[in-house]
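Below: one structure, written as structure tokens.
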Amino acid sequence: KVLENLGSYVNIQASPIAPSDITAPFVIDNIDTDAGHRDLTTLQAAKYVNHPIIALMNFDTAVMGKPLDDIFDQFIADENSKVAFSMSPNTPSAAFMGFVLMKPDPSLANTLADAYINTPYDAINGWDNSGMGHFPGALGMQGIFTHYFVNVQPETGMILDRCIYANDNEG
């Protein structure tokens with residue numbers, strides 16, 4: 001209600017991935033103690049096609065020293081990039097989800113959901129034995145997002161300078 005009272009439109013969505021759809025045994029057994037099923041609801045943002053970009057930002061993330069218009073324009077102009085994000089300071093092999101840009105595309109949400117459902121996860125070697133998966137949130141959106149845009153389609157991800165665009169005063 002707070003955001004609605006401030007004039008924001010609030011649309012609560014369910015996760016696009018049902019718990020029963022998850023196939024990786026380790027993920028099934030551990031997601032609730034890691035990221036939780038609701039973490040995957042972030043995928044719904046890619047379905048908002050009435051906007052040129054979607055910006056996902058944590059309340060405790062600050063943009064330092066540059067207007068967002070500059071990075072928005074650069075991201076929109078880059079035809080290859082589907083997402084823009086920075087890497088985590090505390091876990092350099094993980095995407096930092098405190099500030100993420102996405103180009104609206106329902107097929108992107110479906111692609112990431114399919115990857116989440118169908119990519120094997122190993123407790124030692126992570127997603128698809130890539131080594132991506134040894135950080136808090138690895139079993140949720142942060143994990144599959146990192147795996148997909150670092151290992152599967154790195155050419156479609158724009159890496160941002162975390163010191164400028166995703167500072168949460170950690171690291």
Side-chain angles (χ1 to χ4, degrees), residues 1-22 27-28 30-79 81-91 94-117 135-149 156-171:
K1 289 289 180 189
V2 172
L3 292 175
E4 289 175 324
N5 290 340
L6 293 171
S8 294
Y9 171 71
V10 177
N11 184 347
I12 299 172
Q13 298 280 319
S15 174
I17 301 170
S20 60
D21 291 340
I22 300 170
V27 176
I28 292 168
N30 294 284
I31 185 148
D32 288 327
T33 58
D34 184 56
H37 290 96
R38 291 185 180 179
D39 186 58
L40 301 166
T41 304
T42 305
L43 289 172
Q44 298 286 22
K47 296 179 180 179
Y48 288 102
V49 296
N50 294 329
H51 305 280
I53 60 173
I54 302 296
L56 303 170
M57 189 171 185
N58 287 350
F59 289 110
D60 64 349
T61 300
V63 176
M64 309 295 286
K66 285 195 172 199
L68 287 175
D69 293 349
D70 295 344
I71 196 62
F72 289 171
D73 291 342
Q74 182 183 353
F75 180 62
I76 291 169
D78 186 341
E79 294 180 9
S81 292
K82 295 179 182 181
V83 298
F85 58 96
S86 62
M87 299 306 282
S88 173
N90 300 325
T91 310
F96 176 70
M97 301 302 289
F99 182 72
V100 175
L101 302 178
M102 297 171 34
K103 290 183 181 166
D105 179 359
S107 69
L108 175 60
N110 294 335
T111 297
L112 288 172
D114 287 343
Y116 188 85
I117 291 167
F135 49 86
L139 302 182
M141 182 65 182
Q142 183 179 14
I144 197 63
F145 187 91
T146 300
H147 168 66
Y148 193 82
F149 291 107
T156 63
M158 176 187 287
I159 305 296
L160 301 174
D161 181 339
R162 187 182 177 285
C163 293
I164 297 172
Y165 293 108
N167 193 320
D168 69 348
N169 204 27
E170 290 183 17

Tell me whether [X] contacts the main-chain N or O of [Y] through its side chain, where contact means a donor paired with an acceptor under 3.5 Å.
X: Ser8; Y: Val10; value: no
X: Asp34; Y: Leu139; value: yes
X: Thr156; Y: Lys82; value: no

Flag the pair [X] / [Y] as yes when at least one side-chain heavy-atom distance between them is below 4.5 Å, and no otherwise.
X: Ile71; Y: Leu68; answer: yes
X: Met97; Y: Met141; answer: yes
X: Asp78; Y: Met158; answer: yes
X: Ile117; Y: Ile22; answer: no
X: Gln44; Y: Pro16; answer: yes
X: Pro106; Y: Val49; answer: yes
X: His37; Y: Asp32; answer: yes
X: Leu56; Y: Phe99; answer: no

What heavy-atom pair brings [X] and [Y] nearest, and what distance separates the two atoms?
X: Gly137; Y: Ala35; answer: CA-CB, 4.2 Å
X: Met102; Y: Leu108; answer: CE-CD2, 4.5 Å
X: Thr146; Y: Gln142; answer: OG1-O, 2.7 Å
X: Phe135; Y: Gly143; answer: CZ-CA, 3.9 Å
X: Leu43; Y: Ala109; answer: O-CB, 3.4 Å

Find the distance between [atom1] ([X]) and [atom2] ([Y]) and round it off to the nearest 0.5 Å.
X: Asp39; Y: Ile144; atom1: CG; atom2: CD1; result: 12.0 Å
X: Asp21; Y: Asp114; atom1: CG; atom2: CG; result: 10.0 Å
X: Thr111; Y: Asp105; atom1: OG1; atom2: CG; result: 7.5 Å

*Geometric class of the Phe85/Phe145 ring pair [parallel <30°, tilted 30-60°, perpendicular >60°]*: perpendicular
*Are Lys103 and Phe75 in a cation-pi setup, meaning NZ or CZ lies under 6.0 angstrom from the ring centre and within 45 degrees of the ring axis?*
yes
*Taking everything shown except Glu4 itself, do over 12 heavy atoms lie less than 6.0 Å from its CD?*
yes
*Would you please test Leu101 and Ile54 for side chain to side chain contact (heavy atoms under 4.5 Å, CB included) and show each step?*
CA-CA 6 Å; Leu101 302 178; Ile54 302 296; over 6 Å; no
_ring pair (Phe, Tyr, Trp, His ring centres under 6.0 Å) evaluation trace for Tyr148 with Tyr116_ = CA-CA 9 Å; Tyr148 193 82; Tyr116 188 85; over 10 Å; no
*Carefully, step by step, assess Leu40 and Arg38 under the rule side chain to side chain contact (heavy atoms under 4.5 Å, CB included).*
CA-CA 5 Å; Leu40 301 166; Arg38 291 185 180 179; over 6 Å; no
